[in-house]
Amino acid sequence: MKIDRTRLLTVGRAVVVGILVGIVVSTFRWLVELILDQWRHVYHQLVVSPDKGFWLAGTIIAMILFTFIVGQIIKGDPNVNGSGIPQVEGQLAGQMTVNPFSVLWRKFSAGLLTIGSGAMLGREGPSIQLGAAVAQLYGEKRGFDSRNNKLMIAMGAAAGLSAAFGAPVAGTLFVLEEVYRTFSMLVWLGALTSAVVADMVSVNVFGLTPVLSMTKLHDLPLMDYAWLPVLGILLGLFGYAYQRATLWAPNMFRWLKWLPRHYHFIVVFLLLIPVGIWAPQALGGGASLILHDANFVPTISVLVGLIVLRFVYSTIAFGSGVPGGIFLPILTLGALAGALFGAVLVRFGLLAPVNVMNMMIVGMAGYFASISKAPFTAIVLIAEMVGSMTHLVAMAIVALIAYLVVDFMGGEPIYESLLARLRLPDQLSALRGRLEEMTFVVAPGSALEDAEVRQLQLPRGVLIQRIRRGSEEHLPNGDFILQVGDELSLLTDEAQFKQVWTVMQDLNKETEAQHG
């Protein structure tokens, strides 16, 4: 019997990556919870201590000190800011290079201070980047070439999400569907192996369990499926609003021009004080809030307040640019939106109270699918995290409808949009000298026909300025599918105009000649 040594070698490397990433990310996850518990104690003292002034002064001083420490850590490497997922996508697409050791220690230490503070940020994005950095370091130490290093990064990203959430299958699928966008045999084999091993480390060494493990779940009655399309539409609209707010969020800090960008988190720190005093359950990524609401559904007014609070605060926190993700905050908002929808139905006698939890579960899947535009990952992720497969059909209905609503409105995957923001300065700096515009009309049978914008292999230093279809103009969108007759307007440097023109001419003729 012939043994495929390449696959066997990939599995062996994935096991090592899974162990290493499992240790690093599980430690990160455990320390974040430990630090968050200490901050909750501080906020509790601000309420019950007779020396409230002393505790308040100490808290503000500590926040200023931690802001300075975080600022000093992150200003040395811009690749540690934000979620980390766009940076990993950029690495796998060959659009970005990072220093894995710098990312590892900076993201780990700064993430502990920012996420552990109770800021409404997620640890899952940073965990994915930490996993990718660990795997990249391993690959570089072993002297792997570029192709194998990318495979290592994909393995590490899957293992990072698996260890952070306790969801190995979803971790694998997220890398395949959203991060790497390829289903090659070696990629999914290595990603799945590393994810499973990292989850085993998380569970058996650190004793960690799936983040949203729920009990006492009930099947959603078939007659209540009629409400799912309505929920899907609402989640799609809400998801599109969150996309716009997240991309606009950095603009909120323009009034702080006198303060360096890497110190903007002080605003988030100070805004946490009133939340920690009056609504401590709303602190953090939101896992504890979801589990609390699953057992004791708040009133409609409280749910509305929590949604507004977390929407605004998580947007501000992410806009500050510090290490921290939106993964879990997205799920929390989805759960709260589902709970609100269910509570309204209960108020009018249209849904049994016991089924509000079902609306929370499908709400998480639909909201995540609409924002990330990764519906398969959304469905599998929630099923694994909740620990039940009974809601697959309901989640699929809501996720699909929410996805289509955002797609119809022109929304694109949030992490792809964030990656484009990261790359824009580099793209613009590559366009030096006089800029020239060129226009192409998509020819029938060409390589451009039916291609997504993200699939176009454009030369470096080329920007798609607009796409005209009939009488309508569209801004570049990664999900936009080109059709025959579409007019592409490209912007490039005068010095490389001829080269770009030749490449685009080939793309617009290549398969046409084959068909002819």
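Keep in mind that this is a model prediction, so the values were computed, not measured. Reckoned from all heavy atoms, side chains included, excluding hydrogens, waters and symmetry mates. All residue numbers refer to positions in the sequence shown, counting from 1.
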Under the side-chain hydrogen bond (donor to acceptor under 3.5 Å, both in side chains) test, which residues partner [X], sequence neighbours left out?
| X | result |
| --- | --- |
| His262 | none |
| Gln72 | Tyr263 |
| Glu33 | Arg123 |

Apply the test side chain to side chain contact (heavy atoms under 4.5 Å, CB included) to residues Leu333 and Tyr367: give CA-CA distance (whole Å), side-chain angles for both, the deciding distance (0.1 Å), then the verdict. CA-CA 8 Å; Leu333 283 171; Tyr367 197 56; 3.5 Å; yes
Checking side chain to side chain contact (heavy atoms under 4.5 Å, CB included) against Thr67, which of Leu259, Leu113, Ile266 comes through? Ile266
With distance as the sole test, does [X] use its side chain to make a donor-acceptor pair with the main-chain N or O of [Y] at under 3.5 Å?
| X | Y | answer |
| --- | --- | --- |
| Glu384 | Ala170 | yes |
| Asn99 | Ser102 | yes |
| Ser83 | Gly325 | no |
| Thr246 | Tyr242 | yes |
| Ser117 | Thr114 | yes |
| Ser320 | Phe265 | no |
| Arg310 | Gly285 | yes |
| Gln38 | Gly116 | no |
| Gln87 | Asn81 | yes |
| Asn251 | Trp248 | yes |

Take the angle between the ring planes of Phe253 and His264 and call it parallel below 30°, perpendicular above 60°, tilted in between. parallel
Return the orientation label for the Phe66 and Phe269 ring planes: parallel under 30°, perpendicular over 60°, tilted otherwise. tilted
Could you tell me whether Arg244 sits above the aromatic face of Tyr240, with NZ or CZ closer than 6.0 angstrom to the six-membered ring centre and within 45 degrees of the axis? yes
Might you work through the side chain to side chain contact (heavy atoms under 4.5 Å, CB included) test for Leu121 and Val268, ending with a clear yes or no? CA-CA 11 Å; Leu121 294 166; Val268 182; over 6 Å; no
Closest non-hydrogen atom pair between [X] and [Y], with its separation:
| X | Y | value |
| --- | --- | --- |
| Lys52 | Val47 | CE-O, 3.0 Å |
| Ile382 | Met364 | CD1-CB, 3.8 Å |
| Leu220 | Met359 | CD1-CE, 4.4 Å |
| Val103 | Val80 | CA-CG1, 3.8 Å |
| Ala191 | Ala158 | O-CB, 3.7 Å |
| Ala369 | Tyr403 | O-CD1, 4.1 Å |

Dump the intermediate steps for side chain to side chain contact (heavy atoms under 4.5 Å, CB included) on Leu303 and Phe341, then the final yes or no. CA-CA 10 Å; Leu303 285 170; Phe341 182 76; over 6 Å; no
Let me see the working for Ile273 and Ile60 under side chain to side chain contact (heavy atoms under 4.5 Å, CB included), right down to the final yes or no. CA-CA 9 Å; Ile273 294 177; Ile60 294 175; 4.0 Å; yes
Would a 4.5 Å heavy-atom cut-off, applied to side chains only, mark [X] and [Y] as touching?
| X | Y | result |
| --- | --- | --- |
| Val175 | Ile128 | no |
| Val275 | Met120 | yes |
| Ile74 | Lys107 | no |

Does Tyr43 have any ring-ring contact (aromatic ring centres under 6.0 Å, His included) partners at least two apart in sequence or in another chain, and if so, which? Trp39
What pairs with Arg347 under salt bridge (charged side-chain N to carboxylate O under 4.0 Å, His left out), at least two apart in sequence or on another chain? none
Taking only residues two or more places apart in sequence or in another chain, which ones pass salt bridge (charged side-chain N to carboxylate O under 4.0 Å, His left out) with Arg40? Asp37
Using only heavy-atom distances, determine whether the side chains of Gln136 and Gln91 contain a donor-acceptor pair under 3.5 Å. yes
Is it the case that over 12 heavy atoms from other parts of the model lie below 6.0 angstrom from the OH atom of Tyr225? yes
